[in-house]
Amino acid sequence: MSRKLHITLTTTLTLVEQLHLTLASPSKNLASTELSGKDVLPLLSASSTALKSQVTKLSLLAITSPFTHSAVGSVLSDLNQSVLPSFVTAALLVTPTDHTKAFQAEALSLTKIALNELSSLVREVQTIAEKKEETNGPGKKKKGDELPQSENDAVTVATGRVWDVCDTLINLASKGVVGFVVQRVEEWRDLVRDAVEEIDEWDPDEEGDEFFDELLSDYGKQSSGKDREAESDEDESDDEDKVALHEWKKTTMRILKPIAQIYPAIITNRLKEAPKSLSSIVNRLESLMTNLQRIPEQVDEIAGALYEADLERSKQFLKQTKDCAVKAVDSVISSWTEQDVNNSQPKAEDKFTTWSKTWLKVMDEVCRQLGDAKEAK
């Protein structure tokens with residue numbers, strides 16, 4: 001391997017490590033006053049496209065004979081001098097203030113993954129360059145100079161991984177913050193819907209082990225009168241517990257079904273109607289996402305408690321779920337244009353505002369039994 005290529009490869013790997021450290025602690029003061037939150041996303045998309053293009057060139061040069069040191073070095077130099085700095089800068093310009101914490105976290109996470117995958121590809125290229133130097137010398141095509149299939153595949157796979165991350169970042173920038181939030185809310189909606197359907201289909205009477213039930217039944221035929229009397233009392237107690245469990249399942253469903261309805265309602269009437277300028281609604285989006293994200297986990301806890309016949313624990317998580325749902329609806333009960341940063345006088349109610357007020361009344365009615373529930377730990 002030529003000394004120049006060796007230095008360039010080492011520089012690329014070192015730069016990737018340094019950029020990783022930069023992404024680990026993004027500066028709050030990095031965002032340029034010349035770039036609005038909206039302007040950052042096209043930059044993120046363009047820099048991801050540029051990285052994908054350079055990676056394509058690098059991989060083709062690596063697997064095509066003869067291995068040309070100068071051409072590989074030129075592509076790596078472009079990566080070091082412009083493509084990688086622009087790529088990471090675009091990610092760092094995504095801020096919680098303009099794009100929400102969740103969107104920033106997603107952009108930074110994908111950028112880190114892209115750097116990891118790029119590092120893997122560069123190491124594969126480095127390995128090829130070293131082997132070529134040992135066998136043929138730079139730029140000399142000899143018999144058997146073609147790359148072994150295993151090394152060809154390693155480069156191809158590494159390149160594909162970088163492509164995948166770049167495509168995901170391009171898609172993220174294309175969707176924008178609202179599109180990203182819609183996607184997340186749809187994912188949580190599906191989780192809640194599936195969990196609620198599972199609870200609805202669950203039959204408390206089917207719980208238990210039939211083998212042990214039959215074994216106990218056979219034993220009961222041989223037991224004494226006092227034993228049978230005690231077992232009779234236990235059966236009555238079990239029956240009462242089953243009745244209570246059935247009733248609590250009905251109560252649970254009366255609460256969970258309206259909660260599941262808020263996801264499509266919010267997506268259609270608020271998120272898809274969000275303004276292009278997000279600066280005045282970021283805080284509301286943050287609150288909305290925080291509460292909608294918690295509900296699927298809590299519904300799973302409710303289901304687990306029901307299956308274990310732990311009604312008190314189920315009630316505790318049901319109350320938490322209801323509280324999150326109410327907070328989510330409250331955060332967007334007003335239209336985006338109805339409240340500005342100065343909390344001006346509200347305008348006329350829209351359809352979703354009316355729906356929300358009705359929904360809140362329904363929740364108050366069906367959640368009366370949760371009033372004395374303690375917080376679940």
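Quick caveat: nothing in here was measured; it's all calculated off a predicted structure.
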Distance-minimising heavy-atom pair for [X] and [Y]:
{"X": "V162", "Y": "L118", "answer": "CG2-N, 3.7 Å"}
{"X": "C324", "Y": "N291", "answer": "O-CB, 3.4 Å"}
{"X": "V165", "Y": "L110", "answer": "CG1-O, 3.1 Å"}
{"X": "S331", "Y": "A328", "answer": "OG-O, 2.6 Å"}
{"X": "C367", "Y": "K322", "answer": "SG-CG, 3.5 Å"}
{"X": "S45", "Y": "A173", "answer": "CB-CB, 3.9 Å"}

If only side-chain N and O atoms count, and only distance matters, is there a donor-acceptor pair under 3.5 Å linking [Y] with [X]?
{"X": "S335", "Y": "D350", "value": "no"}
{"X": "S120", "Y": "R123", "value": "no"}
{"X": "Q54", "Y": "K57", "value": "yes"}
{"X": "T56", "Y": "W163", "value": "yes"}

Value rounded to 0.5 Å, distance of [atom1] in [X] from [atom2] in [Y]:
{"X": "I281", "Y": "L278", "atom1": "CD1", "atom2": "CG", "answer": "5.0 Å"}
{"X": "T127", "Y": "L9", "atom1": "OG1", "atom2": "CG", "answer": "9.5 Å"}
{"X": "L292", "Y": "L271", "atom1": "CG", "atom2": "CG", "answer": "8.0 Å"}
{"X": "E197", "Y": "K257", "atom1": "CD", "atom2": "NZ", "answer": "9.5 Å"}
{"X": "R254", "Y": "M363", "atom1": "CZ", "atom2": "CE", "answer": "12.0 Å"}
{"X": "L311", "Y": "K249", "atom1": "CG", "atom2": "NZ", "answer": "13.5 Å"}

Do the non-hydrogen side-chain atoms of [X] and [Y] ever get within less than 4.5 Å of each other?
{"X": "Q126", "Y": "E130", "value": "yes"}
{"X": "I128", "Y": "V155", "value": "yes"}
{"X": "D167", "Y": "K52", "value": "yes"}
{"X": "E308", "Y": "R313", "value": "yes"}
{"X": "L169", "Y": "L51", "value": "no"}
{"X": "T268", "Y": "F352", "value": "no"}
{"X": "L191", "Y": "I295", "value": "no"}
{"X": "L13", "Y": "V16", "value": "no"}

Response to the item:
The side-chain contact (heavy atoms from CB on, under 4.5 Å) partner of T252 among L306, V299, T321, D200 is L306
Item to complete: Show your working on side-chain contact (heavy atoms from CB on, under 4.5 Å) between L93 and L43 and close with a plain yes or no.
Response: CA-CA 9 Å; L93 287 171; L43 179 61; 3.9 Å; yes
Would you kindly confirm whether [X] and [Y] end up in one hydrophobic cluster when ILVMFWY residues are joined by side chain heavy atoms under 4.5 Å apart?
{"X": "W202", "Y": "W248", "value": "yes"}
{"X": "L245", "Y": "M253", "value": "yes"}
{"X": "L115", "Y": "I170", "value": "no"}

Salt-bridged, [X] to [Y], with N to O below 4.0 Å?
{"X": "R193", "Y": "D190", "result": "yes"}
{"X": "E297", "Y": "R294", "result": "no"}
{"X": "R270", "Y": "E273", "result": "no"}
{"X": "K327", "Y": "D323", "result": "no"}
{"X": "E106", "Y": "K101", "result": "no"}

Practice prompt. Applying side chain to side chain donor-acceptor pair (under 3.5 Å) between N80 and each of T12, T14, T8, report the one that passes.
Written response: T12
Give the table of side-chain donor-acceptor pairs shorter than 3.5 Å for residues 70-79, with sequence neighbours excluded, one pair per line with atom names and distance.
| from | atom 1 | to | atom 2 | distance (Å) |
| --- | --- | --- | --- | --- |
| S77 | OG | G73 | O | 2.9 |

Output yes when a side-chain donor or acceptor of [X] lies under 3.5 Å from a complementary backbone atom of [Y], and no otherwise.
{"X": "S53", "Y": "T49", "value": "no"}
{"X": "T353", "Y": "I333", "value": "yes"}
{"X": "S287", "Y": "R284", "value": "no"}

Fill in: Qualifying ring-ring contact (aromatic ring centres under 6.0 Å, His included) pairs with a residue from residues 251-285, counting only residues at least two apart or across chains
none
Fill in: F103: partners by ring pair (Phe, Tyr, Trp, His ring centres under 6.0 Å), with sequence neighbours left out
H99, F180
Item to complete: Over 60° means perpendicular and under 30° means parallel, so classify the ring planes of H69 and F67, tilted if in between.
Response: perpendicular
Practice prompt. Start with the C-alpha distance between K315 and T251, add both sets of side-chain angles, then the distance that settles side-chain contact (heavy atoms from CB on, under 4.5 Å), and finish with yes or no.
Written response: CA-CA 10 Å; K315 182 183 293 186; T251 299; over 6 Å; no
Fill in: Stepwise side-chain contact (heavy atoms from CB on, under 4.5 Å) test for L58 and T159
CA-CA 9 Å; L58 181 62; T159 303; over 6 Å; no
Worksheet item: Where do V185 and I266 land on the side-chain contact (heavy atoms from CB on, under 4.5 Å) test, with the steps shown first?
Response: CA-CA 9 Å; V185 174; I266 289 173; 5.5 Å; no
